[in-house]
Enquirer: 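After the structure tokens below, expect a handful of questions from me.
In what follows, chains are A, B, ... by sequence order, proteins preceding strands, each numbered from 1. These values consider heavy atoms only, across backbone and side chains, with no hydrogens, waters or symmetry-generated copies. Source: prediction; values computed, not measured.
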Protein chains: 2
Amino acid sequence: MSVDSKEYILQTAVTLFSKQGFAAVSMRGLANSVGMSVAAVYHHFPNKQALYLEAVHFAFAKQASAFDEVWQAQLTADEKLSRFVHCLAQVLTTDVDFRRLMQRELLDADDERMQLLAKEVFQEQFSHLMAVIEQMGESRQIHFSALSVIALVCDIIQMQPLSRHLPGWRAEHEEVDFIAGQVLNLLMNGIKSKGCQ
Amino acid sequence: MSVDSKEYILQTAVTLFSKQGFAAVSMRGLANSVGMSVAAVYHHFPNKQALYLEAVHFAFAKQASAFDEVWQAQLTADEKLSRFVHCLAQVLTTDVDFRRLMQRELLDADDERMQLLAKEVFQEQFSHLMAVIEQMGESRQIHFSALSVIALVCDIIQMQPLSRHLPGWRAEHEEVDFIAGQVLNLLMNGIKSKGCQ
DNA sequence: CTGACATTACCTAACGTTCGTTTAGTAAAA
DNA sequence: TTTTACTAAACGAACGTTAGGTAATGTCAG
């Protein structure tokens with residue numbers, strides 16, 4: 001079987017779609033990028049839409065195992081949260097294609113694809129995260145708190161190219177460990193980091 | 001002058017670009033949406049790129065005055081922060097086109113347009129926000145804390161269509177006042193809302 | 001106030017290019 | 001001999017953009 005060619009096309013498609021978005025990627029451009037003819041791409045995928053959906057699946061599946069070591073039973077809740085935030089910041093910083101494709105899906109996906117995104121990418125980690133937050137003492141707004149953790153990390157990384165042009169920016173603000181540390185500090189103590197603790 | 005037609009085209013363009021993105025919007029589709037011919041659109045704008053940039057300007061300029069009442073001198077720092085978070089959540093929830101266009105710019109804009117976005121939309125509010133955070137006692141990571149406030153509100157709203165499919169979701173999670181209240185609680189006290197206070 | 005003229009705000013119709021997709025064929029592997 | 005993995009060439013549709021024309025709306029000397 002030609003699983004090599006197909007995977008190579010998918011990998012290239014993920015990069016192109018994440019950089020340019022669905023509409024801006026042409027089948028000719030993709031075929032050119034993988035060094036094949038257009039018809040060769042159509043040999044592996046029935047049409048552009050199906051290719052895109054499979055590319056999204058492909059990109060998301062790769063991240064499924066990234067969080068496996070985070071939720072180990074013998075850790076304290078605080079440690080689990082810390083590991084999760086570090087891991088999330090690491091993944092979103094390292095795999096730029098994945099992050100951008102996810103952002104684009106948040107903008108463009110219909111409800112059915114949104115459900116896929118929830119189930120395939122978020123649901124498992126989200127449930128773990130909610131359990132940890134419950135252990136930490138929060139009892140009422142567990143869903144919202146878990147969402148806040150993810151949202152905070154995601155958007156801080158997503159806003160990096162913008163925040164570079166805002167007053168007070170320093171290079172270290174874009175280092176994974178710095179981001180994770182600051183986010184954790186905020187989550188544990190709030191903004192007034194001194195008056196609390 | 002035909003400022004009416006031009007503004008109407010811009011307004012329609014903002015909606016279309018925010019919903020579909022630059023590449024997916026055609027000049028014919030836009031012309032059809034405003035009930036004009038293609039050439040009529042080209043009478044007002046030299047080309048698609050220039051029309052898009054002007055539409056982005058147009059959408060951003062409308063939001064400039066939304067925060068005017070937030071930073072009044074006689075308020076305490078806590079009150080100013082509270083008002084800002086409420087106002088930001090309100091704007092991002094109400095003006096969907098603005099929010100989506102901003103998200104798309106974060107994905108697609110080059111460094112020059114990112115600078116424009118920083119200067120035209122964020123810089124003024126960001127400076128005010130940093131000043132407030134400094135007043136509240138945070139002294140070291142003012143830039144990062146201010147960024148966190150904005151990122152938290154933005155991404156929670158942006159992830160709404162996804163979070164609907166995650167466990168624990170309730171309808172009230174999408175109400176502006178609820179979002180602002182929860183975000184403020186998190187910012188002031190961290191996740192462990194009881195152990196701190 | 002009026003007639004001549006210019007400008008504005010649009011129109012229809014077309015330009016060449018690029019798009020997604022298909023058809024027909026080939027060379028190698030099973 | 002059938003199936004697999006491809007290629008070259010073409011299909012009609014849609015794309016951004018332009019050319020050329022037509023009413024309506026100023027503008028202003030006489």
Enquirer: When the distance from CG of B:D4 to P of C:dA9 is rounded to whole Å, what number comes out?
Expert: 10 Å
Enquirer: The side chain of B:S5 is closest to which nucleotide in this list: D:dT7, C:dC11, C:dC10?
Expert: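 That would be C:dC10.
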Enquirer: Does anything in residues 13-30 of chain B come within less than 4.0 Å of DNA chain C? Heavy atoms only, and list the residues if so.
Expert: B:R28
Enquirer: Taking only residues two or more places apart in sequence, or in another chain, which ones meet B:H43 in a side chain to side chain donor-acceptor pair (under 3.5 Å)?
Expert: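 Side chain to side chain donor-acceptor pair (under 3.5 Å) check on B:H43 returns nothing, list empty.
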Enquirer: Taking 4.0 Å as the cut-off, does a side-chain nitrogen or oxygen of B:H44 come that near to OP1 or OP2 on C:dC10?
Expert: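 Yes.
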Enquirer: Without decimals, in angstroms, what is the distance between A:M36 CE and D:dT4 C1'?
Expert: 12 Å
Enquirer: Can you name the closest pair of heavy atoms from B:L16 and B:S33 and give their distance?
Expert: CD1-OG, 3.8 Å
Enquirer: Would you mind reading off the distance between B:Y42 atom OH and D:dC15 atom P, rounded to a whole angstrom?
Expert: 11 Å
Enquirer: Atom NZ of B:K48 to atom P of D:dC15: distance rounded to whole Å?
Expert: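 Taking NZ of B:K48 and P of D:dC15, I get 9 Å after rounding.
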Enquirer: Using a distance-only test with no angle check, is there a side-chain donor-acceptor pair under 3.5 angstrom linking B:Q141 and B:S145?
Expert: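 No - no donor-acceptor pair under 3.5 Å links their side chains.
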Enquirer: Please name the residue in the list A:V85, A:L129, A:V132 that meets the side chain to side chain contact (heavy atoms under 4.5 Å, CB included) test with A:K80.
Expert: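 When A:V85, A:L129, A:V132 are each tested with A:K80, the side chain to side chain contact (heavy atoms under 4.5 Å, CB included) holds only for A:V132.
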Enquirer: When the distance from NE2 of B:H43 to C1' of D:dA24 is rounded to whole Å, what number comes out?
Expert: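 My rounded result for the distance is 12 Å.
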Enquirer: Roughly how many Å is it from CG in A:N47 to C1' in C:dC19, rounded to a whole number?
Expert: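 It is 14 Å, rounded to the nearest whole Å.
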Enquirer: With a 4.0 Å cut-off on N to O distance, would you call A:E124 and A:K119 a salt bridge?
Expert: no
Enquirer: Assign the ring pair A:F98 / A:F60 to parallel, tilted or perpendicular, where the plane angle (0 to 90°) is split at 30° and 60°.
Expert: perpendicular
Enquirer: Figure out the CZ/C1' separation between B:F45 and D:dG16, and round it to whole Å.
Expert: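 For the pair B:F45 CZ and D:dG16 C1', the rounded distance is 16 Å.
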Enquirer: Without decimals, in angstroms, what is the distance between B:Y8 OH and C:dC10 C1'?
Expert: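 About 16 Å, once rounded to whole Å.
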